Amino acid sequence: MSVLDMFLSVNKSLSVEQEKREEIRETVQALEQTARETLTLLQGVHQGLQPVPTICQKARERFEEVKVHFAVLKTKFPPEYYYRFHDHWRFVLQRLSYLSALLVYLEAESLISREEAAKILGIEVQQEKGFHLDLDDYLTGLLMMASELARLAVNSVTAGDYGRPIRVAAFVHELDAGFRSLNLKNDSLRKRYDGLKYDVKKVEEVVYDLTIRGLTKPIEQSQDNAGGKGEESKP
């Protein structure tokens, strides 16, 4: 093969890969649009215009669309090329991971597992199974959720819900303790984790303001009364 023929062959391979990248971009754009719609839905909890269960149900329906988009994306490249094209969908996958984590928190006020997040998105957990939820993307999603919860704590006070900030504070503290136990090597993930302390501080300030204003007392008294009744009902 001559030098010219060799470069013609290389050019053909580059053209094929470029076409593949364009197909991936088109599918990712559809994913990004669905992610934006889901984000808009879930952020409705800040306005309180709809009941939280209604918002979550509508978000679940959007995640069914997400599954369809990921099913299409899987067909665009061989499984072993996942990290070759990972940059195309990394951001939207992190956002969808965050949205799935926020959804589960709003539904049950619990921390989503990586397995549960992958199930909601319709992808795998293990790398060897193909298109999967990368661990760093999952953890980044959790940190993005913490920022959203800090904002929710502030807006809950505005809406007159003084109990939610206290529950959010307890949850965010547990999340922070979990991340502190990790030995983070990824620079971008570590930088985002550094922002978690500001989210914790923001929520603590909200709870502090509620406490000094005496707005947490009805909540505490309600819990005490519930405990007292429990003791009285014992034989």
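Here, residue 1 is the first one in the sequence, and each next residue gets the next number. In this text the structure is predicted, and so the values were computed from the model without any measurement.
Of all heavy-atom pairs between I120 and K67, the closest is O-CE, 3.2 Å. Between Q126 and H132, the shortest heavy-atom contact is O-CB, 3.7 Å. The two residues V172 and L196 make their nearest non-hydrogen contact at CG1-CD1, 4.4 Å. Closest heavy-atom contact between P165 and V206: CB-CG1, 3.8 Å.
For D194, there are no salt bridge (charged side-chain N to carboxylate O under 4.0 Å, His left out) partners two or more places apart in sequence or in a different chain. Looking at residues two or more places apart in sequence or on another chain, you find a side-chain hydrogen bond (donor to acceptor under 3.5 Å, both in side chains) between K58 and Q50. Scanning for salt bridge (charged side-chain N to carboxylate O under 4.0 Å, His left out) contacts around E128 gives an empty result, with sequence neighbours left out. Under the salt bridge (charged side-chain N to carboxylate O under 4.0 Å, His left out) criterion, R114 pairs with no residue, sequence neighbours left out. Under the side-chain hydrogen bond (donor to acceptor under 3.5 Å, both in side chains) criterion, D176 pairs with R180, sequence neighbours left out. Scored by the salt bridge (charged side-chain N to carboxylate O under 4.0 Å, His left out) test, E26 finds no partners at all (sequence neighbours excluded). Partners of S156 according to the side-chain hydrogen bond (donor to acceptor under 3.5 Å, both in side chains) rule, which considers only residues two or more places apart in sequence or in another chain, do not exist here. For the ring pair (Phe, Tyr, Trp, His ring centres under 6.0 Å) test, residues two or more places apart in sequence or in another chain that qualify with F131 are F70, Y82, W89. Every residue two or more places apart in sequence or in another chain that forms a side-chain hydrogen bond (donor to acceptor under 3.5 Å, both in side chains) with E22 is listed here: Q18, R25.
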Check step by step if side chain to side chain contact (heavy atoms under 4.5 Å, CB included) holds for L93 and I123.
-> CA-CA 11 Å; L93 185 54; I123 56 180; 3.9 Å; yes
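Relative ring orientation between F85 and Y81 is described as tilted, the plane-to-plane angle lying within the 30° to 60° band.
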Donor-acceptor contacts, no H, no angles, side chain residues 97-108, under 3.5 Å, sequence neighbours left out:
{"unit_1": "Y98", "atom_1": "OH", "unit_2": "E148", "atom_2": "OE1", "d": "3.1"}
{"unit_1": "S100", "atom_1": "OG", "unit_2": "L96", "atom_2": "O", "d": "3.3"}
{"unit_1": "S100", "atom_1": "OG", "unit_2": "S97", "atom_2": "O", "d": "2.7"}
{"unit_1": "E107", "atom_1": "OE1", "unit_2": "R60", "atom_2": "NH2", "d": "2.8"}
{"unit_1": "E107", "atom_1": "OE2", "unit_2": "R60", "atom_2": "NE", "d": "3.1"}

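One finds no salt bridge joining E116 and K119 here, because no Lys/Arg side-chain nitrogen approaches an Asp/Glu carboxylate oxygen to under 4.0 Å.
Proximity of a side-chain donor or acceptor of H173 to a complementary backbone N or O of F171 within less than 3.5 Å is not detected.
Summarising the hydrophobic clusters (Ile, Leu, Val, Met, Phe, Trp, Tyr; side-chain heavy atoms under 4.5 Å, direct or chained), the residues clustered with I212 are Y208.
Pairs passing the salt bridge (Lys or Arg N to Asp or Glu O under 4.0 Å) check and including a residue from residues 204-215, sequence neighbours excluded, do not occur.
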